[in-house]
Amino acid sequence: MSIPIRSAALRLLAATALTSSFVFTTAPAHATPGACHPHGRDLSVTFQPIDHTVTDAQYYLARLTLANGGGRCSLAGGWTLYFNSVRQPAAVLSGAAGDTARAQLAAQGLAVARADRAQSGDLYALTPTSGFAPLKPGERRKIDMNFELWAIQKTDAPAGWSISFGGGAAEWVPAKALLDPADPKQTKAFSGDNRPVQTAATRYADDTAQKANLSLQQRLVPQPLSATAGRGTVTISGRTAIRHSAGLSGEAGYLRSALRDVVKGGGRGDGGGTVIRLSVDPKLDVDHDGKADTEGYTLRAAAHGVDIVGKDAAGVLYGVQTLRQLIPVSAYAAAARGARPSQIAVPQATIADAPLFGYRGMGIDVARHFETRQTIEKFLDLMSYLKLNRLHFHLTDDEGWRLQIPGLPELTGFGAHRGLDLDRNTQLHQAMGSGNDLGGGDGVTDKARDATEANLGRRPAYQGFEQDTVNFVGKGSGYYTTADFVDILKYANRRHIQVVPEFDFPAHARAAVQSMEHRYQRTGDATYRLLDPKDTSNHVSVQGYTDNLANPCLPSTYAFLGKVATEVKKLYAEAGAPLNTFNLGGDEPPGPNRWQGSPACKSNPETAGKDDAALMNYFFTKWNRIALTVAPTTAGWEDVVRDDPRTLNLDHFIALPWQNVWGWGREAWAYHFANTGRQVILAHATNLYMDLAYNKDPDEPGYYWANYVDEKSTFTYQPYDVYASATEDRWGNPIQPNPSWERLTPEGRKNILGMEAQLFAENGKSEGLREYQAFPKLLGVAERAWNRRTPDTAQMPAAWDVFSNTLGQVTFPLLSFYKPVGLPGVGVNYRIPLPGGQVRNGMLTANVRNPGMAIEYSTDGTSWRPYPGPVTAGPTVLLRTRAVDGRTSRISPVGLTVWQTGTAYPAGALVDHQGEIYRATRANTSAAPDTSPSSWALVR
């Protein structure tokens, strides 16, 4: 269907998906004589799922709206639109589904195929055929296109659109993702999806916690074993001195720096004021069980000063972190305004504390999208603040290698870069909608100048999905130099955080495999080659890669792994940091035909005759031995040691079970490992994967393959009874734990070393999004990993209500003004909860998950007022939550009607159109909101 764009204003609207200020050019420099092509910025693509009922969980109907906002040139033939998509276009599938989709596109004069020469991954090319009718200047056309499975979150949308004419340089095409939460055909993935979309009404029903008075113990995250408040306060000022015993100069320096951030001259005094004393007692027994408590501490704040005693230096630092939480929010807020007070008062208190687990971890993926050293260091400081002590650093994957390795320059010269390089001449191909962020050198020209332009004219707040993430925002390229990495290790070590490096093999290894192939093709040196060029095996990974496996039958594979491990060990030695655990990776090896077509496997006497399962065992046995030459223990995903029916025992290996998705048949693996004597770190995806979307709201960024995960998911997780969380499957259907699932035995309990949250980066395209995904989820993780008093199922509702109050009244305000020690910047972009509400009989009532947070409401979409309690309003009201730092949540509408064709709306009317909120700016307007900027304004 073609719709003319009649006015210049409408052409601007179509080409920029509403509010950008792009400058159009109609004579692109690459145009050949006599040719007339629209500039990439003259075009726009809008993606929207339309109907999930065309099949049941096989494929769905999506609609691309292709608009030509240029004034002179038609979009005719000879072009290619490139894009990434986590969901495969159905036209690339085999069988009936592919045939149907190919015919569907052919009828519209189009075809789609995998774009890169290797036919691997998520990069696609949409091209016109001879039947394509030119898209005229000012015209918009709807293109129907089937995609596999479903798309019920906006992050399922294709991303990273660009256009090339005649094989010339590709130019950015502005794109937009839409999804209407009011349309069940767009939000119900298939017949078995019974999870409701989040609305103001569902939130109002769920958010039942009432504001409560919190004890001193309840105000701290994680909660200490005991905390008793005194009757007065302790003054900390520029005269306060910090005294410490031998070996605690680092902890004293950390405290001094933290105090300087919040009080003038903090920690520099000569003792004329109060004194903070730091000391170690190796026999410290905080729980009085007759045994010293590793990482435990006591904190006593009295009139004379503060005494922090740790069982060890780590315990002292955790006492310091507790002291930081005792400082009033008002002091942090003043410091953030540049007005540090001359003195602050903390409550007199006696606190004793020690952790549940010795391993309290967070995994950060920098391979899918890179993050700067400063971002990682900020996370490290926040981890220490929450008493977490392991950073699992996911440094490599199919989409990028992020650590400089001396002697192997191709790993970062080639494998740390992504772009529209179809032949992989200089870099990996564009993936997940990103190359070199908004910078150059990735084969896409004329991208947005900044994130605001990429976000179609609005500065992204990263309080949910933002359009800039489909418009190339995301660090697909980047790496840490050896100096960067050493600095990260030192920064972590000062905070008693061990960094566990992960080099994921043999699967998820495309960046390494192709980098070493690039090396071989360039130099002829096969010393570190990772593939057998004559291998005819066929396999496809979950992410669509056909060329991401390292070959286990090549001696050069182990030469490469040995080189990497040895160089990494040197970096730890240079940093003076412990390398106690080396992670082998090992997850998701595609199969079943991994290497059966490899002549190298057939000719190697050690591998000849082995099936794929035996070859996997062979690989991990050798990889484990290599890693044990640089670290006393190894770790890896559960796939390493068990991929039914294969079971492998490795020396000094710790398993990370993750695939406990209810109904997948792997729910009991963690406990089976522990019960049979294997050491385990819990990493369950259903509760601990922080990159998964918070809930079923199209504007929540993240995937949902295992579950929807929010801070309630992490807080209510019971490490010794994970089945207690099995109340619903990922589609909202009620379930009960299977009686056959293996329960944890008392002996098995001893083998649970700890737990680890994961922050994978497919959708973590900016620092703000990373923080949004992690907070407040990480707060629940810290509580469960540290607090020894895990509530049981009966106790959990009351404990959750207290925790909700703690976050709203104390923790969120502290995070608003959080100053990472030794780094610039203030504040954490935690997710601000959307309020719930309802209007009945003309009365608005509203609530929010975290009591203590402010709610605002608007009846016109322009002016906002504080919500004081039940108030006359309606029937349409917009709600939002405001944090103490002035940031707000996304809008939560109540009683919002869906725009109807042919209806004339009065000025000021508020409507929902395709999942976006519009306000009528003209009287009696019946025009479509998305194409009528003179009649409607988008409410953000």
### Student check: side-chain heavy atoms of N763 and T469 closer than 4.5 Å
no
### Query
Side-chain donor-acceptor pair under 3.5 Å between R277 and H304, yes or no?
yes
### Query
Would T274 and T240 satisfy side-chain hydrogen bond (donor to acceptor under 3.5 Å, both in side chains), going step by step from the backbone distance to the final call?
CA-CA 5 Å; T274 54; T240 298; 3.1 Å; yes
### Task
Scan side-chain atoms only and decide if Y479 and D484 contain a donor-acceptor pair under the 3.5 Å cut-off.
no
### Message
For L395, is there any backbone N or O sitting under 3.5 Å from a side-chain donor or acceptor partner on R402?
### Response
no
#### Entry: Row check, F715 ring normal vs R784 NZ/CZ: under 6.0 Å, within 45°
yes
### Query
Any side-chain heavy atom of I276 within less than 4.5 Å of one from R243?
no
### Query
Does one side chain, of Y254 or R324, offer a donor that lies under 3.5 Å from an acceptor on the other?
yes
### Task
Given side-chain hydrogen bond (donor to acceptor under 3.5 Å, both in side chains), test Y818 with D381 step by step and report yes or no.
CA-CA 10 Å; Y818 184 85; D381 199 66; 2.5 Å; yes
### Task
Would you kindly say whether E295 and N389 are connected by a side-chain donor-acceptor distance under 3.5 Å?
yes
### Message
L779 vs L815, test: side-chain contact (heavy atoms from CB on, under 4.5 Å). Steps then yes/no.
### Response
CA-CA 11 Å; L779 302 172; L815 290 177; 4.3 Å; yes
### Query
By side-chain contact (heavy atoms from CB on, under 4.5 Å), which residues pair with A761, not counting sequence neighbours?
D365, R368, H369, R770
## Note on the structure
Contacts of A349 meeting side-chain contact (heavy atoms from CB on, under 4.5 Å) (sequence neighbours excluded), chain-then-number -> L216, I351
### Query
Under the side-chain contact (heavy atoms from CB on, under 4.5 Å) criterion, do Y359 and V500 qualify, and how do the steps go?
CA-CA 11 Å; Y359 188 111; V500 179; 4.3 Å; yes
### Task
Assess whether salt bridge (charged side-chain N to carboxylate O under 4.0 Å, His left out) is satisfied between E377 and R373, documenting all intermediate values.
CA-CA 6 Å; E377 289 177 346; R373 188 189 79 188; 3.5 Å; yes
### Query
Of the non-hydrogen atoms in L579 and A631, which two are nearest, and what is the gap between them?
O-CB, 3.5 Å
### Task
Give me the ring orientation class for W800 and F803: parallel if the planes are under 30° apart, tilted from 30 to 60°, perpendicular past 60°.
tilted
### Query
Under 6.0 Å between the ring centres of W786 and F357?
no
### Query
Would a 4.5 Å heavy-atom cut-off, applied to side chains only, mark D312 and P282 as touching?
no
### Query
Tell me, do K211 and N805 make a side-chain contact under 4.5 Å, heavy atoms counted?
yes
### Task
For a side-chain contact (heavy atoms from CB on, under 4.5 Å) with I327, tell me which candidate from V263, L814, I344 qualifies.
I344
### Query
Would you call K283 and D281 a salt bridge, using N to O less than 4.0 angstrom?
no
### Task
Please tell me if the side chains of H392 and I364 come closer than 4.5 Å, counting only heavy atoms from C-beta onward.
no
### Summary
From the list T888, D699, N829, T881, side-chain hydrogen bond (donor to acceptor under 3.5 Å, both in side chains) with Q463 holds only for N829
### Task
Answer yes or no: is there an ion pair linking D287 with R788, defined by an N-O contact shorter than 4.0 Å?
yes
### Query
Any luck finding a side-chain donor-acceptor pair between Q498 and T581 under 3.5 Å?
no
### Query
Between Y694 and V709, does a side-chain contact (heavy atoms from CB on, under 4.5 Å) hold up when you go through it step by step?
CA-CA 5 Å; Y694 277 89; V709 175; over 6 Å; no
### Message
Among residues at least two apart in sequence or on other chains, which ones pass side-chain contact (heavy atoms from CB on, under 4.5 Å) with V802?
### Response
L214, Q218, Q223, T806
### Query
What is the minimum heavy-atom distance between L489 and A575, and which atoms define it?
CB-CB, 3.6 Å
### Task
First locate atom CG of L759, then atom CG of L391, and finally report the distance between them rounded to the nearest 0.5 Å.
10.5 Å
### Task
State, to 0.1 Å, how close P501 and V568 come at their nearest heavy-atom pair, and which atoms those are.
CG-CG1, 4.3 Å
### Summary
Heavy-atom nearest pair, A454 first then V473, reads CB-CG2, 4.0 Å
### Query
Would K569 and F582 count as a side-chain contact (heavy atoms from CB on, under 4.5 Å) if you check the C-alpha gap in whole Å, the side-chain angles of each, and the deciding distance to 0.1 Å?
CA-CA 10 Å; K569 177 64 174 178; F582 195 102; over 6 Å; no
### Query
Would S384 and Q321 satisfy side-chain hydrogen bond (donor to acceptor under 3.5 Å, both in side chains), going step by step from the backbone distance to the final call?
CA-CA 8 Å; S384 175; Q321 301 294 17; 2.7 Å; yes
### Query
So, E700 and Y772: side-chain donor and acceptor under 3.5 Å apart, yes or no?
yes
### Message
Distance check, rounded to the nearest 0.5 Å: K712 atom NZ versus N687 atom CG?
### Response
12.0 Å
### Query
Hey, are Y480 and T412 close enough side-chain-wise for a donor-acceptor pair under 3.5 Å?
no
### Task
In sequence, state the C-alpha distance, the side-chain angles, and the governing distance for R390 and E756, and then conclude on salt bridge (charged side-chain N to carboxylate O under 4.0 Å, His left out).
CA-CA 8 Å; R390 296 292 192 282; E756 179 178 291; over 6 Å; no
### Message
Can you confirm whether E783 sits close enough to T714 that some side-chain heavy atom of one is under 4.5 Å from a side-chain heavy atom of the other?
### Response
no
### Summary
Output for pair (S477 OG, N436 CG), nearest 0.5 Å, gives 4.5 Å
### Nearest-0.5 Å distance, CD of residue Q758 to CG of residue D691
8.5 Å
### Test applied, side-chain hydrogen bond (donor to acceptor under 3.5 Å, both in side chains); reference residue, D710; option that passes from R831, K777, R849
R849
### Message
With rounding to the nearest 0.5 angstrom, report the CG to CG distance, L299 to L326.
### Response
6.5 Å
### Task
Kindly indicate whether the side chain of L380, heavy atoms from C-beta on, has any atom under 4.5 Å from the side chain of I376.
yes
### Message
Can a side-chain donor-acceptor contact be found between Y830 and E771 if the only test is distance below 3.5 angstrom?
### Response
no
### Query
Strictly under 6.0 Å, is that where the ring centroids of F812 and F775 end up?
no
### Query
Distance from L225 atom CG to T298 atom OG1, nearest 0.5 Å?
12.0 Å
### Query
Does some side-chain heavy atom of R880 sit less than 4.5 Å from a side-chain heavy atom of W864?
yes
### Query
Is the closest side-chain donor-acceptor distance between D468 and Y462 under 3.5 Å?
yes
### Query
Hey, mind stepping through E466 and N455 against side-chain hydrogen bond (donor to acceptor under 3.5 Å, both in side chains) and telling me if it holds?
CA-CA 7 Å; E466 299 282 15; N455 205 42; 3.2 Å; yes
### Message
Regarding Y297 and T322, do their side chains bring together a donor and an acceptor under 3.5 Å, going by distance alone?
### Response
yes
